[in-house]
Amino acid sequence: MSLHLYDTATRSMREFHPLVNGTASIYVCGATVQGVPHIGHVRSGLNFDVLRRWLARDGADVRLVRNVTDIDDKILAKAAEHGRPWWEWALTHERAFEDAYDALGCLPPSYSPRATGHVTQMVDLMHRLIDKGHAYAADGDVYFAVRSFPEYGALSGQKLDEVFQGEGEVRGKRDPRDFTLWKGAKPGEPSWPTPWGAGRPGWHLECSAMATEYLGSEFDIHGGGIDLIFPHHENEQAQSRAVGDGFARYWMHNAWVTMSGEKMSKSLGNVVSIPEMLNRVRAPELRYYLVTPHYRSTIEYSDGALEESVSAYRRIEAFLRRVAQRTGVVPLGEDLCPEFVAAMDDDLSTPQATGSLHNKVREGNTALDAGDDAAAREAAACVRGMADLLGLDPLSPKWNESTSTDTGARQALVALVEHVLEERLRARKDRDFAKADALRDRLKAAGIAVEDNPDGSQWTLRDD
RNA sequence: GGCGGAGUGGCCGAGUGGUUGAGGCACAGGCCUGCAAAGCCUGAUACACGGGUUCAAUUCCCGUCUCCGCCUCCA
């Protein structure tokens, strides 16, 4: 089976065919950089990171653009609240998001355009919209005329007449459902000049402008959180298609991370920030937790479930380390389990994919127990290959370098631990188990877990 | 009001019209082991409720209940 993806626009599974063979273009709605990222934000980044890795696996040139919304009402409000310049506030949190994505092993996007850097493209798009009669200026604002575009509502399945309309002030709107492309400047707010007066971008406009700028008037996949379907993505599509651009060919949306049944949001006070999480578990363990459920299923956050993921990930890790210790460096396998491939091709079914990965781990462990090193190595290579496609390969330098902050200190630690383990080995050979156990206990007290197996002793830093 | 999602064993989380309910975690027993840990093997009357279709439904259809999301900013 070839790759099939669930397309929100058609509410159906569709076989994926890129516009240009051997490539894939993806636009993901990134963050509005108004605060510290929580695990819900990062889930989105992670889900599309997995998509991107899967698309790139057969050599496709994947172009992934993930924008940064660095100007918006909330950014201005929060910056003011904290007495900071809005641009400093935005960049500070942009960095926090980048750090979080990076910490969790998201490959960097091809580009991450900022809204403030693309006013020219937005003005150009507004010109095109106004020329075609799909937009109008009123009192310094520019609105999209929803009635002018019959397809409006197609993406989200909304009927125009049924849409509750809120969007704040209705100043110059011809129809309350018209949405804002450009906000006229208010005193004291940042603004950029346009033919219709100074102002700042409406939220939706930037994504159409930037996606088109970097991926062309038509591109393969547009993604984001499920909440963005309406109105954000509906509006993006309307803006772009109204001027005749093809825009996104597939729409993908990831589900929420909830807490106590409610979505995470600061106002509810149920946010778990990434730095906080990484104090409790290692990055790949958190990644495992967020990447294993299907991207369209809600994750109801719980400490217990997170701990289960930690154990599950460590099982994979322990197997690979065991094989590496016994047989040397394990290569990254290219032959994957057929079930893994089938699962991933089926709308990125990571639950079954990880299931097959675990089956392979068991197979490898069995081989190891039977002393069949060759089979164990083969299984390990396969496991690495599959794990890597999920960004979860425990042996990847990413997870090993980042955990050892200081190589000098690390080397000293290794030398000391090895020394103690040698001493312990002598004690065990002399059947002086009291001494051997005492040494193990001392290491444990220092945060170092020791496990004996037929090939010798393995030790790991356990921060729990 | 409109649109959409969910309700599966102790827990997380897949999936399917029918004889064998993925995978993980936890627990129990066994093997292995100086011990521990790990590993391997084995273990439970699961599919919200009520109808319907069917030889057969957890899986399809209808209805009910419960929960959640979007329609204002949101990953």
Side-chain angles (χ1 to χ4, degrees), chain A residues 8 11 28-32 34-35 37-48 69 72-75 77 97 153 156-168 177 179 203 223-232 234 253-258 261-267 288-289 292-294 296-300 302 304-316 318-319 321-322 339 343 349-370 428 431-434 436-437 440-441 444 449-454 457-458 460:
Chain A
T8 307
R11 305 222 182 86
V28 179
C29 281
T32 298
Q34 48 149 322
H38 59 61
I39 59 177
H41 294 128
V42 158
R43 180 187 189 189
S44 180
L46 250 21
N47 287 151
F48 289 102
T69 298
D72 120 297
D73 293 349
K74 282 198 172 169
I75 291 171
F97 269 85
S156 59
Q158 304 288 326
K159 290 172 217 125
L160 201 45
D161 294 330
E162 304 288 354
V163 171
F164 273 27
Q165 187 52 50
E167 210 190 347
R177 285 161 297 226
F179 61 88
W203 176 38
I226 198 170
D227 56 308
L228 298 179
I229 296 172
F230 192 89
H232 185 51
E234 188 72 58
H253 294 93
N254 63 277
W256 299 107
V257 180
T258 62
E262 292 174 304
K263 71 175 181 174
M264 280 195 184
S265 79
K266 289 220 163 155
S267 54
Y288 184 98
Y289 177 64
T292 299
H294 190 90
R296 287 191 284 117
S297 297
T298 302
I299 296 178
E300 164 67 17
S302 77
L306 178 63
E307 287 308 316
E308 288 182 7
S309 289
V310 169
S311 302
Y313 173 78
R314 287 185 181 179
R315 174 179 143 83
I316 299 165
F319 163 64
R321 289 198 190 287
R322 209 176 148 204
E339 312 86 71
S349 293
T350 50
Q352 290 110 308
T354 43
S356 73
L357 194 151
H358 276 284
N359 284 335
K360 202 68 180 175
V361 168
R362 186 185 318 107
E363 200 180 307
N365 273 323
T366 303
L368 221 39
D369 284 352
R428 290 179 71 206
R431 303 195 69 79
D432 182 356
F433 296 120
D437 290 351
R440 184 171 59 194
D441 288 346
K444 190 179 179 189
V450 178
E451 289 176 14
D452 302 324
N453 54 52
S457 298
Q458 263 191 18
T460 42

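If you're wondering where the values come from, they're calculated on a predicted model, not measured in any experiment. Only heavy atoms go into these numbers, but all of them, side chains included; no hydrogens, no water, no symmetry mates.
The CZ-C1' distance, from A:Arg11 to B:G2, rounds to 12 Å in whole Å. If you take CD1 of A:Ile226 and C1' of B:A6, they are 11 Å apart, rounded to a whole angstrom. Note: CG (A:Leu306) to C1' (B:C25) measures 12 Å, nearest angstrom. Regarding A:Asp227, its CG atom lies at a distance of 13 Å from the P atom of B:U72, rounded to whole Å. Whole-Å rounding puts the A:Tyr313 OH to B:C25 P distance at 15 Å. Here B:G4 presents its P atom at 14 Å from CZ of A:Arg296, a figure rounded to the nearest Å. The distance between atom CD of A:Glu234 and atom P of B:C3, rounded to the nearest whole Å, is 14 Å. Between the NE2 atom of A:His232 and the P atom of B:C71 there is a distance of 13 Å, given to the nearest Å.
Counting any heavy atom pair closer than 4.0 Å across all strands shown, A:Lys159 reaches sugar-phosphate atoms only and no base atom. Within the nucleic acid shown, A:His294 comes within 4.0 Å of sugar-phosphate atoms alone, with no base atom in reach, counting heavy atoms only. A:Gly153 comes within contact range of no nucleotide atom at all, as no heavy-atom separation falls under 4.0 Å. Heavy atoms of A:Ser297 sit under 4.0 angstrom from primed sugar atoms or phosphate atoms, though from no base atom.
Proximity of A:Thr298 to the phosphate of B:G5: no side-chain N or O atom is located under 4.0 Å from OP1 or OP2. Phosphate contact (OP1/OP2 of B:A75, side-chain N/O of A:Thr32, threshold under 4.0 Å): present.
The line from NZ of A:Lys74 to OG1 of A:Thr32 is 9.0 Å long, rounded to the nearest 0.5 Å. Here the straight-line distance linking atom CD of A:Gln34 with atom CZ of A:Phe97 works out to 8.0 Å at 0.5 Å rounding. Rounding to the nearest 0.5 Å places OG of A:Ser44 at 8.0 Å from CG of A:Leu228. The distance from the OG1 atom of A:Thr350 to the CG atom of A:Asn47 is 7.5 Å, given to the nearest 0.5 Å. With values rounded to the nearest 0.5 angstrom, A:Leu368 atom CG is found 6.5 Å from A:Phe319 atom CZ. For the atom pair A:Arg321 CZ and A:Glu451 CD, the distance stands at 11.0 Å (nearest 0.5 Å).
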Taking Watson-Crick and G-U wobble contacts under 3.5 angstrom, with | marking pairs to another strand and [ ] crossing pairs, the secondary structure of RNA chain B is written (((((((..(((.....[....))).(((((.......)))))....(((((..]....))))))))))))....

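Here the side chain of A:Thr292 pairs no donor or acceptor atom with the backbone of A:Tyr289 at under 3.5 angstrom.
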In B/S/- notation (B base, S sugar-phosphate only, - none; protein heavy atoms under 4.0 Å), nucleotides 34-43 of chain B written 5' to 3' is BBBBSBSS--

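Contact of the A:Ser349 side chain with the A:His294 side chain is registered, since non-hydrogen atoms from C-beta on lie closer than 4.5 Å. Considering only heavy atoms from C-beta on, A:Thr460 stays 4.5 Å or farther from A:Arg314 through its side chain. Using a 4.5 Å heavy-atom cutoff, the side chains of A:Ile299 and A:Thr258 are not in contact.
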**Request:** Just do the side chain to side chain contact (heavy atoms under 4.5 Å, CB included) check on A:Arg315 and A:His358 with the steps written out, would you?
**Result:** CA-CA 9 Å; A:Arg315 174 179 143 83; A:His358 276 284; 3.3 Å; yes

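Which of B:A75, B:C70, B:A14 sits closest to the side chain of A:Leu228 comes down to B:A75.
A salt bridge links A:Asp437 to A:Arg440: one of the charged nitrogens lies within less than 4.0 Å of a carboxylate oxygen.
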Please produce a list of atom pairs where a protein N or O lies less than 3.5 Å from an N or O of nucleotides 8-12 of chain B.
| unit_1 | atom_1 | unit_2 | atom_2 | d |
| --- | --- | --- | --- | --- |
| B:C11 | O2 | A:Glu308 | OE2 | 2.9 |

